[in-house]
Amino acid sequence: MQQTQYDEKTQKELIDLTRKLLTLKNVPDDKSEAEKLAEQLRKVIKFHDWRYYILNDPIISDYEYDQLFKLLKRIEEKYPDLITPDSPTQRVASDITKEFPEVEHLTPMLSLENSYSPEDLRAWARRIYEIVGQNVSFCVEPKYDGAGIALVYENDLLVRGATRGDGIKGEDITPNIKTIKTIPLKAEFSKKGIKRAEVRGEVVISKEHFKKMNEEREKAGLTPLANPRNAAAGSLRLQDPKEVAKRPLVAVVYQLSYAENEKGESMLGTIIKTHYEAVGILHELGFFTPYPEMKVFDNIEDVIAYCQEWERKREEYPYEVDGMVIKVNELYLYDKLGFTSHHPRWAIAYKFKANQATTIIKDVVFQVGRTGIVTPVAKLEPVQVGGVVVSSVSLFNEDFIRQKDIRIGDLVLVERAGEVIPYIVKVIKEARTGNEKPIEFPKTCPSCGSPLVKEPGEAFWRCINANCPAQVVERIIHFASRDAMDIEGLGEQTVRRFYKAGILKTIPDIYRMDYERIMRLPGFGPKSAQNLQKAVEESKHRDLDRLIYALGIPNVGKVTAKMLAQQVNDIFEFFDWKVEDYMKLPDIGPKVAKSIYDFFHNESNRNMIKELAELGVNVKRLSQEEEKPKEGPFSGHVVVFTGELDCCSRRQASKLVEELGGKVANSVSRKVTLLVVGKNPGSKLRKAQQLGIKTIDEQEFLNMAGKK
Ligand code: IVH
């Protein structure tokens, strides 16, 4: 990097310029204008390289960066004499800092060209056909969002592990690499006649581990990390390998980039003919690879369909995937296809809709939840993130706002990673104008005006007025929700409306609603009122665990509610329980025990439960007889579904299994006895196969259920 420092004022100017340039789509027809634009693009791209590679703190999304880069490339393609030797298009950027020794890669570690649409992919394929003058096949695999690595094996032993660096030279992080359990320290390459090999891959953290890491951070009073990629990249470059070993890192290996036999001859394209075969070998040698997810196609339309299929189901996959990589399968064509200055021509990335974007905080509102916790929520200038429009985002608590120094009017980077809710990664402080307003946390409840309270050691401010209207509404919404009493037709909006109209003031009011009146409300009619009444009646017969969950006892989720329901014959028994009684139960600590005790010892809660019972709501545990599993073709089976079914929804299929004596689980474990594989199955299939679990297709499932 030539320029290593940018002062605040310059940064601000460059951000303004970036935003202006991002609105441009076309190369100007006028050459002198094009020249001016190219200069501006170079200036901002260099600045963003610096933010990304040196500060490790990018302030635009990859997508936005690519837009800038592509526009510059298009100008230079149209006017080649405008190319300058120091143009960012003429170099490969580097992530090298000076903390680890430098090593040269066996073959350059280039990045991939990005594409964002089926048309981009078709154009890429056309270019390939033109160059090689023959048909080719394409291998498609997930693009993992983590930190790139290159591993060298000699005589079956891992001798080196390095980061990507500038693509030519990387950082030698062998001691850290050796702590990653999915990387074999010894792999029998010799069995395949390979004496020396280099493999490429990506170090990642699963979404599940990432979630856990963040939960632990939150418990420790730290604010959550933005995404699994940052968590992985940060872990890899820790100075102490012992610390690295504690992180749940996984290395996915997706390329055999070099393979040499005893005679020192390259085996790629000669003995090992295809990319698919190469990854198959790595898989067999014990590496963790995308082999089970990889597919080979002989035309680009099928490739596009597979990419789109993945875009739809990426959320289900255990690792963060930001796109797909399409590689020409025939390795012998790689030399002929060659490289551009940045990318191999034999591969391209198909990027999914970006899950990061920058936008402005217009306002901050404070929402009161059903337990009285006051959550600050930022209202955003609506922006597309990962395929959905995001217009508000939680700021969690006061500490989060202080740590990130978030102000109204700020330009912020928003991310939606995996199933994680939208998250403010950071404030782009350099874009500040001085007109941003600090966020004032209220001292009193925005709904009822009572003073807010903060317990020592807690991060939240709470409204402790049990009759606070905002809390009451949220409690009714929760009570009627799908996982609780599951009252169809009594969703969030309807509850709010009924509360305003005075139809619902408390939870028991649900069972005393005036349907004559509801029928006459705009948007309702005899039919919908009748349906609602039916749904309300049905909800009186829910199992006790649903009722316990529906009551919204602080710190009691579905799992705890189920366990609690098994301890008693009816809910009134809890009125006499002591804190110690709860403490004896599995997984209940003093905090949860106290919270359940307080709930059942509160006079108005007790009255509410009595009222519900009088109104006919079931408060009893189902008798042993009813609880006994039903008999049927699925008796003794624990069933998991993966992929889409034609016959019915997942929910209906699960119900069928339960009615026919079986149990349904969400994820594959050793307890599972049967995996039903629908169309486009996810990673559960792979796991089930590894565990030797029986799999059946939809037809076999229906046969078993006696449906067809
Ligand atoms: S192939 C020369 N395959 O994405 C091409 N890369 O944006 C070698 N990546 O630098 C890379 N998943 O760090 C390839 N299945 C995959 C990948 C993958 C993730 C990363 C890799 C690369 C970057 C390019």
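Counting convention: from 1, in listed order, for ligands and their atoms alike.
Closest protein heavy atom to atom 7 (O) of ligand 1: Lys143 NZ, 3.2 Å. Protein heavy atom nearest atom 22 (C) of ligand 1, with residue, atom name and distance: Tyr254 OH, 4.3 Å. If you check which protein heavy atom lies closest to atom 12 (N) of ligand 1, you get Tyr144 N, 3.0 Å. When only non-hydrogen protein atoms are considered, atom 13 (O) of ligand 1 lies nearest to Glu202 OE1, 2.7 Å. Among protein heavy atoms, the minimum distance from atom 5 (C) of ligand 1 is reached at Leu112 CD2, 3.6 Å. Atom 8 (C) of ligand 1 has as its closest protein heavy atom Leu110 O, 4.3 Å.
By the 4.0 Å N-to-carboxylate-O rule, Glu113 lies too far from Lys70 to be salt-bridged with it.
Remark: ligand 1 atoms within the under-4.0 Å shell around heavy atoms of Glu141 are 3 (N), 15 (N), 16 (C).
The neighbour count for Asp335 CG, taken as heavy atoms of other residues, nucleotides or ligands under 6.0 Å away, does not exceed 12. In the displayed structure, His105 atom NE2 is contacted under 6.0 Å by more than 12 heavy atoms of other residues, nucleotides or ligands.
Using modelled atom types, no side-chain atom of Asp156 and backbone atom of Glu188 make a donor-acceptor pair closer than 3.5 Å. Side-chain atoms of Ser87 never come within 3.5 Å of backbone atoms of Ile83 as a donor-acceptor pair (strictly under, hydrogens ignored). Formation of a donor-acceptor pair under 3.5 Å by the Lys684 side chain with backbone atoms of Glu316 is not found in this model.
Proximity of Lys327 to ligand 1, defined as any heavy-atom pair under 4.0 Å, is confined to the side chain (atoms from C-beta onward). At a 4.0 Å heavy-atom cut-off, ligand 1 touches Val325 through the side chain alone. Looking at Ser257 against ligand 1, nothing comes within 4.0 Å, counting heavy atoms.
For Pro344, the closest heavy-atom approach to ligand 1 falls below 4.0 Å.
Screening residues 137-149 for side chain to side chain donor-acceptor pair (under 3.5 Å) gives Ser137-Glu330, Glu141-His275, Glu141-Lys327, Tyr144-Tyr317, Asp145-Arg229 as the qualifying pairs, with residues at least two apart or on separate chains.
Side-chain N/O atoms of Asn114 and Tyr350 include no donor and acceptor closer than 3.5 Å.
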